[in-house]
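To start, the structure under review is shown below, and the notes come after it.
Sequence lines set the chain letters: A, B, ... in the order given, protein chains first and strands last, and positions in each chain run from 1. No experiment lies behind these values; they were computed from the predicted model shown.
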Protein chains: 2
Amino acid sequence: MRVLIDGVPGQGLDPLDRGLQYGDGLFETVAWRGGAPRLAEFHLERLASGCDRLGLPRPGERALLAEMAEAAGAAEATVKVIVTRGSGPRGYRPPSVPSPRRIVAGFGSPALPHGPWHARLCRMRLGRNTALAGLKHLNRLEQVLARAEWDDPGIHEGLMLDDLGRVVCGTQSNLFMAAGGRLVTPRVDECGVAGVMRRAVLAWARACGLDTAEAHVTLEDLRAADEVFVTSALVGARLLASIDGSPLAGGVLHEEFTAWLEAR
Amino acid sequence: MRVLIDGVPGQGLDPLDRGLQYGDGLFETVAWRGGAPRLAEFHLERLASGCDRLGLPRPGERALLAEMAEAAGAAEATVKVIVTRGSGPRGYRPPSVPSPRRIVAGFGSPALPHGPWHARLCRMRLGRNTALAGLKHLNRLEQVLARAEWDDPGIHEGLMLDDLGRVVCGTQSNLFMAAGGRLVTPRVDECGVAGVMRRAVLAWARACGLDTAEAHVTLEDLRAADEVFVTSALVGARLLASIDGSPLAGGVLHEEFTAWLEAR
């Protein structure tokens with residue numbers, strides 16, 4: 001595991017960094033495959049768009065990609081990029097001249113369980129805020145506390161509802177369902193993260209001529225669906241086989257997408 | 001400015017600390033007055049209760065107070081305490097054996113503007129989540145973006161509404177209004193922070209025999225109130241003289257509380 005801060009390895013972080021103080025920043029978790037970042041354009045575009053929304057200068061892409069390669073240190077790895085608003089005086093007010101900071105860390109490839117995933121429903125709900133929705137920002141206590149709800153290694157993901165009871169996502173994944181001839185994913189304009197693999201699935205489906213929709217989704221919708229699968233940058237797509245022990249239907253769209261992803 | 005990490009000064013923070021990675025932690029901002037922490041019991045109790053709610057071991061109070069005194073380094077200072085879930089493997093899941101980390105930083109006393117404060121209404125809303133409400137946790141992007149909305153030094157605070165349009169707090173303060181013979185402060189059980197100075201005002205008011213309430217509050221309520229004031233650990237209580245240029249009524253409760261606070 002190797003960490004670079006603004007390109008320099010082996011140093012500690014200024015404890016006054018606003019990423020720590022307020023979660024004032026963004027991150028990307030990138031699957032490094034065959035010596036290159038998978039879905040690199042989507043990660044870089046989301047990071048740039050997130051910087052715009054938070055009022056942060058965008059990091060330079062070439063320097064960032066070089067740091068990611070150095071942090072990866074192998075052909076197969078997981079690379080996490082954090083961009084914060086950097087250090088500043090005490091108080092919420094952002095410095096008028098921001099000096100953002102990059103933290104790039106390389107990890108081994110995760111040992112992901114094969115086959116379909118089993119999910120549970122989390123008690124922790126997602127608060128809604130359109131100004132932050134979709135962003136992969138550093139305010140992740142909801143996901144942390146949701147993931148703390150279970151220990152059972154046979155449960156691979158926890159589904160999260162918003163305060164209105166709509167299904168939004170997993171703790172670390174987005175969600176798709178095939179129903180009525182359409183491929184539907186929950187909207188992420190009030191809460192949730194606009195995942196890069198979610199974007200890839202939507203792009204793939206449209207290219208295949210599938211009817212797609214971003215919509216409000218309920219648990220009843222999932223239980224009645226022809227197929228449910230979860231997606232993430234690291235995992236790709238996995239069939240969701242059950243929720244709290246109740247089996248779901250199983251289809252082949254997730255396999256077709258996976259074949260396309262692996263052939264790219 | 002002096003920072004101690006787990007009691008040791010002058011070192012950097014592990015960039016894998018979960019406080020940075022996810023905002024997985026809590027903080028307190030303490031007014032150091034006459035060589036001692038003001039409202040120390042309230043700060044320590046809120047921190048302990050927050051640790052319980054996040055599933056973190058409570059820090060030892062004696063060690064923490066000693067570190068705060070060392071970080072303060074003067075009779076008058078501002079001391080910020082952060083407690084995080086410490087370092088751990090990548091991923092939201094908290095380590096089964098947590099090793100929390102203390103970051104204690106001393107700053108000079110802020111140069112606070114005297115006299116009444118003028119406020120504006122922020123566009124940024126507060127998302128609601130009962131599981132996180134009241135906590136002084138490290139997920140503070142809403143406050144950061146709200147505070148980024150204005151530069152005018154004549155505006156001292158921004159008022160924040162929840163997504164239902166109810167007034168909850170300022171970006172860095174709680175809110176009180178006197179109306180109908182009662183002292184009312186917005187509820188903080190769906191969003192907002194349960195401030196230590198808010199608790200002190202409520203305790204003082206009850207000891208004075210005032211009728212108090214934690215209630216839902218609207219902008220119309222504030223505009224019709226006999227007196228509106230804001231509170232924070234650093235500031236104490238300040239009359240709120242206007243919102244977006246519209247003057248508010250002015251009373252004396254904030255002065256009576258301030259006299260009590262300063263006489264303690």
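Ranked by non-hydrogen atom pairs under 4.5 Å with chain A, the options Arg90(B), Arg128(B), Arg125(B) are led by Arg90(B). Of all the listed residues (Thr29(B), Leu135(B), Leu54(B), Thr130(B)), the one sharing the greatest number of non-hydrogen pairs under 4.5 Å with chain A is Leu54(B). Comparing Lys80(A), Glu190(A), His137(A), Glu149(A) by how many heavy-atom pairs each has under 4.5 Å with chain B, the most go to Lys80(A). Top candidate by heavy-atom pairs under 4.5 Å with chain B, chosen from Gln11(A), Gln172(A), Gln21(A), Arg123(A), is Gln21(A). When Ile103(A), Asp162(A), Leu145(A) are compared by the number of non-hydrogen pairs under 4.5 Å with chain B, Leu145(A) comes out ahead.
Counting only distance, with no hydrogens or angles, the side chain of Asn174(A) and the backbone of Arg198(A) share no donor-acceptor pair below 3.5 Å.
Of the atoms belonging to Val3(A), it is side-chain heavy atoms, and not backbone ones, that fall under 4.5 Å from chain B. Contacts between Leu234(B) and chain A at a heavy-atom distance below 4.5 Å involve the side chain alone, from C-beta outward. For a residue to count as touching a neighbouring chain, one of its non-hydrogen atoms must lie under 4.5 Å from one of that chain's; by this rule Leu141(B) touches chain A with backbone and side chain alike. Only the side chain of Thr78(B) comes within contact range of chain A, judged by heavy atoms closer than 4.5 Å. Contact annotation for Leu132(A): only side-chain heavy atoms (C-beta onward) come within less than 4.5 Å of a heavy atom of chain B.
With rounding to the nearest 0.5 Å, the separation of CG in Asn129(A) from CG in Asp163(B) is 8.0 Å. Taken from CG in Leu13(B) to CG in Leu13(A), the straight-line distance is 5.5 Å, to the nearest 0.5 Å. Taking CG of Leu56(A) as the start and OG of Ser99(A) as the end, the distance is 10.5 Å to the nearest 0.5 Å.
Of the listed residues (Glu142(B), Glu157(B), Arg147(B)), just one forms a side-chain hydrogen bond (donor to acceptor under 3.5 Å, both in side chains) with Thr171(B), and that residue is Glu157(B).
Salt bridge Arg93(B)/Asp151(A): present, at least one basic N to carboxylate O contact under 4.0 Å. Salt bridge annotation for Asp24(B)-Arg140(A): absent, with no cationic side-chain nitrogen under 4.0 angstrom from a carboxylate oxygen.
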